[in-house]
Amino acid sequence: TAIEDMDQPCGRSFMQVISEKYSPENFPYRRGPGVGVHVPTVPQGSPIKDRLNLPSLLVLNGCGITSAGDESEIAAFCAHVSELDLSHNQFEDWFEVGKIVSNLPQLEFLNLSSNPLGLSALQSSCAGQFSNIRKLVLNNVKASWETVHTLIKELPELEELFLCLNEFKTVSYCSSSCHSLRLLHITDNKLHDWSEVRKLGIMFPNLEVLFLSNNNLTSIGDSEDTLARLFPNLRCINLHNSGLNDWEDIEKLNLFPRLEEVKVLGIPLLQEYSTEERRQLIIARLPSVSVLNGSLVSAGEREDAERFFIRYYMDRPKEELGKRYYELVTKYGNLEPLAVVDLRPQSSAKIEVHFEGRVEVMTVRLDQTVAEFRKQLKDVVQLSTSNMRIYYYDQEMVKAFGPEEIKFSSRALHSYGIRDGDAIHVVPKAK
């Protein structure tokens, strides 16, 4: 049966998989117009076209596809398809992919991730068949830069390109720039030197979003003038898990004139700081960034961060205080250090214990329970724990509210707010 065939994805064609996946036996409901309408079983020998009603978004990942199949059938059944996911198949030849794409005139999104396409070269004539593609995903295809160059020359409408997991150690410069590209994901490669990123800026001069996470970039090694011209339209950059280790690299991000979102976690520079310190020290250094690590930076948070920045560095030697410190001092003035307030509960208190006209000064642990405190009082007042009533006299509140009886055995003493100088009155229970 068709289902059994699909369990054995070995060297099948694109059209074979489509006819199996969307046959009435496996998929008895129409897509698109007439959603939910059952496709009746057709007489044997009826054209396949009568049996298929494909969605405009085709997901055929992990189906063992190696070839296109009959191109006339592709043209007949798939002309309306606008998005196609062919990831995790077995395409080794760009020519076979080209046969499919050339018959999909509406196609704008194509995912070819994890196909072994690095085994073949891409000819310009073949790449020209991809000319309508706007979003192209080539993660883990081990593509060469020559292939990427061929594609960007032949795809005039390309807006988004994904080149993750391709083991790129360098970027091969292309003489032909791609002005249409707005988003580039080139994460999880082996780029080390900023000079390679500079080539990306030259090849894709209108980039707005650049994902560089999980590359071992150690610094942003360009002059101020070069950086300002490199990515004039960049709005978002992701540098997660890079090798940046100097605050100067963070401050250089200010040189991208339109940058408003930064993602930068997991870098060596930030390891010594707490989570709160990291965020505040980055915000204070990037005055134009409105989104940091996915979270919006409010005006209040920015002011708090900038004030924190001043106080954080105010006791450092002058030679360690950078330009940003003096900019913020000009904005807020020389701030006073924040008072250190210990908000931890007091661990003990020296109190007066009053009983039958006698007064005895005791130091009591405030983390103990009322039941434990009764045992401590037992020897002092010579009463059994079950025969004593305890009243707490808060030296500030007693005149307004009177004494408070301490009677809940499992309650901790510190929850009553007992402090040095307060008094405890113990009386026997009335018989």
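- Scanning both residues, Arg419 and Asp394, for their nearest heavy atoms gives NH2-OD1, 3.1 Å.
- In terms of heavy atoms, Tyr326 sits closest to Lys318 at OH-O, 4.1 Å.
- Nearest approach of Ile418 to Ile351, heavy atoms of both residues: CG2-CG2, 3.8 Å.
- Residues that satisfy the ring-ring contact (aromatic ring centres under 6.0 Å, His included) test with Tyr391, not counting sequence neighbours, are absent from this structure.
- In this structure a side-chain-to-backbone donor-acceptor pair under 3.5 Å is present from Asp93 to Phe95.
- Counting heavy atoms from C-beta outward, Gln106 and Ser56 have side chains that stay 4.5 Å or more apart.
- Using a 4.5 Å heavy-atom threshold, the side chains of Tyr312 and Gln280 count as separate.
- Between the side chain of Asn189 and the backbone N or O of Thr187 there is at least one donor-acceptor pair closer than 3.5 Å.
- Legend: residues meeting side chain to side chain donor-acceptor pair (under 3.5 Å) with Asp188, ordered by chain and number and at least two apart, are Asn214.
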Which atom pairs, one a donor and one an acceptor, fall under 3.5 Å between side chains of residues 286-297 and the rest of the protein, sequence neighbours left out?
from   : atom 1 : to     : atom 2 : distance (Å)
Ser290 : OG     : Glu260 : O      : 3.3
Asn293 : OD1    : Val264 : N      : 2.7

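- With no hydrogens or angles considered, a side-chain donor-acceptor pair links Ser72 and Asp70 at under 3.5 Å.
- The aromatic rings of Tyr416 and Tyr392 lie perpendicular to each other, with more than 60° between the two planes, well past the 30° mark.
- Asn166 contributes no side-chain N or O that, together with a main-chain N or O of Phe168, makes up a donor-acceptor pair within less than 3.5 Å.
- The heavy-atom pair separating Asp422 from Gly417 by the smallest distance is OD2-O, 4.0 Å.
- More than 12 heavy atoms of other residues, nucleotides or ligands lie within 6.0 Å of CD in Glu405, so this atom counts as buried by the packing criterion.
- Between Glu306 and Arg324, at least one side-chain nitrogen of the basic residue sits less than 4.0 Å from a carboxylate oxygen of the acidic one, meeting the salt-bridge criterion.
- Listed for the His80 side chain is a donor-acceptor partner under 3.5 Å among the backbone atoms of Leu54.
- Applying the 6.0 Å contact sphere to CD of Glu320 captures more than 12 heavy atoms from other residues, nucleotides or ligands.
- Checked by atom type, the side-chain pair Thr150/Thr147 shows no donor-acceptor distance below 3.5 Å.
- Heavy-atom minimum distance, Ala68 versus Phe14: O-CB, 3.2 Å.
- Asp85 places a side-chain N or O within 3.5 Å of a backbone atom of Ser87 that can act as its donor or acceptor partner.
- The pair Glu251-Lys323 does not meet the salt-bridge criterion, since no charged nitrogen lies less than 4.0 angstrom from a carboxylate oxygen.
- Among residues at least two apart or in separate chains, ring pair (Phe, Tyr, Trp, His ring centres under 6.0 Å) pairs with a member in residues 245-266 are Phe231-Phe256, Trp247-Tyr273.
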When the side chains of residues 127-142 are checked against the rest of the protein, which donor-acceptor pairs come out under 3.5 Å, sequence neighbours left out?
from   : atom 1 : to     : atom 2 : distance (Å)
Ser131 : OG     : Gly128 : O      : 3.3
Asn132 : ND2    : Pro105 : O      : 3.3
Arg134 : NH1    : Glu159 : OE2    : 2.9
Asn139 : OD1    : Cys164 : N      : 2.9
Asn140 : OD1    : Lys142 : NZ     : 2.2
Asn140 : ND2    : Ser114 : OG     : 3.2
Lys142 : NZ     : Leu165 : O      : 3.3

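- With hydrogens and angles disregarded, a donor-acceptor distance shorter than 3.5 Å links the side chain of Asn89 to the backbone of Gly64.
- Within the 3.5 Å criterion, the main-chain N or O of Ile220 finds a donor-acceptor partner in the side chain of Asp249.
- Under a cut-off of 6.0 angstrom, the local environment of CZ in Arg258 is sparse, with at most 12 non-hydrogen atoms contributed by other residues, nucleotides or ligands.
- In this structure the side chain of Ser124 never reaches within 4.5 angstrom of the side chain of Lys153, judged on heavy atoms.
- Taking Trp194 as the reference, Asp222 meet the side chain to side chain donor-acceptor pair (under 3.5 Å) condition, with sequence neighbours excluded.
- Between Glu372 and Lys375 there is no salt bridge, since no side-chain nitrogen of the basic residue lies less than 4.0 Å from a carboxylate oxygen of the acidic one.
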| Test log, rule side chain to side chain contact (heavy atoms under 4.5 Å, CB included), inputs Ser102 and Glu71 | CA-CA 9 Å; Ser102 64; Glu71 289 188 67; 4.0 Å; yes

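- Using a 4.5 Å heavy-atom cutoff, the side chains of Leu269 and Asp246 are not in contact.
- Defined by atom type and a distance below 3.5 Å, a donor-acceptor pair is present between the side-chain atoms of Asn233 and Asn206.
- With Arg302 contributing its side chain and Ile283 its backbone, the two residues share a donor-acceptor pair below 3.5 Å.
- Rounding to the nearest 0.5 Å places OH of Tyr313 at 8.5 Å from CZ of Phe308.
- Atoms CD and CD, on Glu208 and Glu160 in that order, are 10.0 Å from each other to the nearest 0.5 Å.
- Looking at heavy atoms from C-beta onward, Lys99 lies out of side-chain contact with Ile74 at the 4.5 angstrom threshold.
- When all heavy atoms of Leu86 and Asn115 are compared, the pair lying nearest together is O-ND2, 2.9 Å.
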